[in-house]
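This report refers to the structure that appears directly beneath it.
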Amino acid sequence: MATLLISGAHPSNLHGDCLHRNSKFCASAFCKPVASIFSKLTFPNGRPSVPVLQVQELKGERGSTLLQQLPLQGPQHYSRLRIFSGTANLPLAQEIACYLGIELGKIKIKRFADGEIYVQLQESVRGCDVFLVQPTCPPANENLMELLVMIDACRRASARNITAVIPYFGYARADRKTLGRESIAAKLVANLITEAGANRVLACDLHSGQSMGYFDIPVDHVYGQPVILDYLSSKIISSRDLVVVSPDVGGVARARVFAKKLSDAPLAIVDKRRQGHNTSEVRNLIGDVKGKVAVMVDDMIDTAGTIANGAALLHEKGAREVYACSTHAVFSPPAIERLSGGLFQEVIVTNTIALKDENYFPQLTILSVANLLGETIWRVYDDVSVSSIFH
């Protein structure tokens, strides 16, 4: 059955009643009681059961847990913090606000008959630090334009700082010219966000590191790997049986970092030849996977052609089981058919993109990055180091 794992309570609130950073001042209706680790909540309408993960146990600096405990302030310290959500991923924004112990800001977003987007903030943001949660996932152009109009509304309402929180950055793959007379759309989108009035961008697992350089404003880049690694560490798999697989040469650096953190597992590489956009052909496998549990790591799964072809090759080479791990579940057709066809023991993704009900399948596990993004937002707001989360 498909499952959703929600990153649980902050270490400072292990004995609290809800899943957020500052329970004392929380007024969010989204908060729910903390269940025991992996306890299941059932849905009367037949939706997949939802285990709730209570605590993130990855170790960070000074031997403490991943999300460091910072001094909790009173309500006045939150008075200038505002979080608004677009329509692309409202559940994630609600989880982030719940973690921070505040309510989402009131905003009105609608479409006119001709498709134009209308945005009105329904509370004052004058002098406030505003965080706008809006992934530019499909439909990419609609969600991108909505983000730009939200930024403009905040700028014209005299917000002090505007941070675009983009869990999934669309157009990130168009980051260089591979053929003559091509556009570099990633740079164009970065310019649009900057010119609209954003002062900072918070992004999760960009397709390539150079995309940060396309922005002329500060970019806080966070990684979904710790959430996936934390989940994998809960599974009973011998480190001697593991091998981390990069589905293509371009993802080797990402897979190498993942393998190092996963008990320094060996690395294998799939040699892929791309025939065109969204089409690829697998040629060879570099490395030994015979009798091992293969963990394929990528930043996103779009049509799933690359990762499915790679999984088929791994089975041919004798892999015992194949897991697919990815931060962004784009899931363009025919991804669901490929992923649910029996090649994968489990497909592990995060909730940077809100999935439609029809995109659930039995092997799917969804992990929440709400606590990770919430902690990053708090550190940006409170002028505390963000990089120390991952050290």
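Between the side chain of Arg82 and the main chain of Ser79, a donor-acceptor pair closer than 3.5 Å is present. In this structure, the side chain of His328 engages the main chain of Asp205 through a donor-acceptor pair within 3.5 Å. Within the 3.5 Å criterion, the main-chain N or O of Ile286 finds no donor-acceptor partner in the side chain of Asn284. Between the side chain of Asp175 and the main chain of Ser211, no donor-acceptor pair closer than 3.5 Å is present. Using a distance-only test at 3.5 Å, with no hydrogens or angles considered, a donor-acceptor pair links the side chain of Asn309 to the main chain of Gly305. Between the side chain of Arg379 and the backbone N or O of Ser385, at least one donor-acceptor pair lies under 3.5 Å. Within the 3.5 Å criterion, the main-chain N or O of Thr327 finds no donor-acceptor partner in the side chain of Asp299. Side-chain atoms of Arg160 never come within 3.5 Å of backbone atoms of Asp129 as a donor-acceptor pair (strictly under, hydrogens ignored). Arg80 contributes a side-chain N or O that, together with a main-chain N or O of Gly127, makes up a donor-acceptor pair within less than 3.5 Å.
Considering CD of Glu123 and CZ of Phe84, their distance stands at 4.0 Å, rounded to 0.5 Å. For the atom pair OG of Ser246 and CD1 of Ile269, the computed distance is 6.5 Å after rounding to the nearest 0.5 Å. Separation of atoms CD1 (Ile96) and OG1 (Thr376) is listed at 9.0 Å; rounding is to 0.5 Å. Here CD1 of Ile117 is found 6.0 Å from CE of Met145. Values are rounded to the nearest 0.5 Å. Expressed to the nearest 0.5 Å, how far CD1 of Ile348 lies from CD1 of Ile228 amounts to 7.0 Å. The line from CD1 of Ile166 to CG of Leu206 is 8.5 Å long, rounded to the nearest 0.5 Å.
Centroid-to-centroid, the aromatic rings of Tyr214 and Phe169 stay 6.0 Å apart or farther.
One finds a salt bridge joining Arg111 and Glu146 here, because a Lys/Arg side-chain nitrogen approaches an Asp/Glu carboxylate oxygen to under 4.0 Å.
At a threshold of 4.5 Å between non-hydrogen side-chain atoms, the residues Ile377 and Leu100 count as touching. Counting heavy atoms from C-beta on, the side chains of Val130 and Ile151 never come closer than 4.5 Å. Side-chain contact between Thr306 and Val270 is absent, with no heavy-atom pair separated by less than 4.5 Å. By the 4.5 Å heavy-atom criterion applied to side chains, Asn351 and Pro91 are not counted as neighbours. Ser340 places a side-chain heavy atom less than 4.5 Å from the side chain of Gln363. Taking the side chain as every heavy atom from C-beta outward, Ile107 and Val119 approach each other to under 4.5 Å. The shortest distance between side-chain heavy atoms of Asn143 and Tyr168 does not fall below 4.5 Å. Looking only at side-chain heavy atoms (C-beta outward), Phe331 and Phe361 come within less than 4.5 Å of each other.
In terms of heavy-atom proximity, Thr352 sits nearest to Asn89 at O-ND2, 3.1 Å. Residues Ile193 and Ala164 share a closest heavy-atom pair of CG2-CB, 4.4 Å. For the pair Ala294 and Val245, the tightest heavy-atom approach, listed with the atom from each and the gap, is CB-CG2, 3.9 Å. Residues Arg338 and Ala308 come closest through the heavy atom pair CB-CB, 4.1 Å. Cys128 and Ser124 make their closest contact through SG-O, 4.4 Å (heavy atoms, listed as atom of the first residue, atom of the second, distance). Here the closest heavy-atom approach between residue Ala268 and residue Val289 is recorded as CB-CG1, 4.1 Å.
Counting heavy-atom neighbours within 6.0 Å of Lys187 NZ, excluding the residue itself, gives a total above 12. Around NZ of Lys356, the count of heavy atoms belonging to other residues, nucleotides or ligands within 6.0 Å does not exceed 12. By the 6.0 Å contact criterion, CD on Gln120 is enclosed, its count of non-hydrogen atoms from other residues, nucleotides or ligands being greater than 12.
A donor and an acceptor atom, one from each side chain of Ser332 and Asp302, are located under 3.5 Å apart. Counting only N and O atoms by type, the side chains of Ser208 and Arg176 include no donor and acceptor under 3.5 Å apart. With 3.5 Å as the limit, one finds a donor-acceptor pair spanning the side chains of Asn141 and Tyr171.
For the pair Lys110 and Tyr118, the cation-pi criterion (under 6.0 Å, within 45° of the ring axis) is fulfilled.
Tyr381 and Val125 are assigned to two separate hydrophobic clusters, defined by single-linkage of ILVMFWY side chains at heavy-atom distances under 4.5 Å. Using a 4.5 Å cut-off between side-chain heavy atoms of Ile, Leu, Val, Met, Phe, Trp and Tyr, with links allowed through other members, Val349 and Val322 fall into the same hydrophobic cluster. Val222 and Val219 are assigned to two separate hydrophobic clusters, defined by single-linkage of ILVMFWY side chains at heavy-atom distances under 4.5 Å. Linking ILVMFWY side-chain heavy atoms closer than 4.5 Å, directly or via other members, places Leu144 and Ile353 in two distinct hydrophobic clusters. Following chains of ILVMFWY side-chain contacts shorter than 4.5 Å, one can reach Leu367 starting from Val244, so the two form part of one hydrophobic cluster.
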Would Thr163 and Asp220 count as a side chain to side chain contact (heavy atoms under 4.5 Å, CB included) if you check the C-alpha gap in whole Å, the side-chain angles of each, and the deciding distance to 0.1 Å? CA-CA 10 Å; Thr163 300; Asp220 291 302; 6.0 Å; no
Would you please test Leu242 and Leu232 for side chain to side chain contact (heavy atoms under 4.5 Å, CB included) and show each step? CA-CA 11 Å; Leu242 278 174; Leu232 287 175; over 6 Å; no
Please step through side chain to side chain contact (heavy atoms under 4.5 Å, CB included) for the pair Cys154 and Leu132, ending with a clear verdict. CA-CA 9 Å; Cys154 292; Leu132 304 174; 3.8 Å; yes
Arg200/Asn161 under side chain to side chain contact (heavy atoms under 4.5 Å, CB included): CA gap, chis, key distance, verdict: CA-CA 8 Å; Arg200 178 181 292 270; Asn161 290 305; over 6 Å; no
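Ring geometry for Tyr223 against Phe390 counts as perpendicular: the plane angle is over 60°, on a 0 to 90° scale with 30° as the lower cut.
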